[in-house]
Amino acid sequence: MGFVDDAKDALDATGKKIGRAVDDAKDRVEDRVDEAKADVKVKKAEGEVKHAEAERNATETKNDFKATLRDDN
């Protein structure tokens, strides 16, 4: 019975090791997904900032032009 018990123990240890490897791989993938989501948020925020800056600059330009028109009269 020693051989059978040894084989069972080996299979059990192998199964646990495979399970840990699968869990580790799953965790790595989830970490990469989280990083990608964070990158998307940063890029979106950067885009929103650029849009807001462009809007501000357009408003300043419009107001400067209107002020110029008022000064000419």
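Because the structure is predicted, anything quoted here is derived from the model rather than measured.
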Residues pairing under salt bridge (charged side-chain N to carboxylate O under 4.0 Å, His left out) where one sits in residues 7-22, two or more places apart or in two chains, turn out to be D12-K16
What's the spacing between D64 CG and L69 CG if we round to 0.5 Å? 11.0 Å
If a pair satisfies side chain to side chain donor-acceptor pair (under 3.5 Å) and one of its residues is in residues 47-56, list it, with sequence neighbours excluded. H51-E55
With ILVMFWY side chains joined below 4.5 Å, transitively, what does V22's cluster contain besides itself? I18
Any pair counted as salt bridge (charged side-chain N to carboxylate O under 4.0 Å, His left out), so long as it reaches residues 30-46, sequence neighbours left out: K26-E30
Sequence neighbours excluded, the answer for side chain to side chain donor-acceptor pair (under 3.5 Å) partners of E60 is none
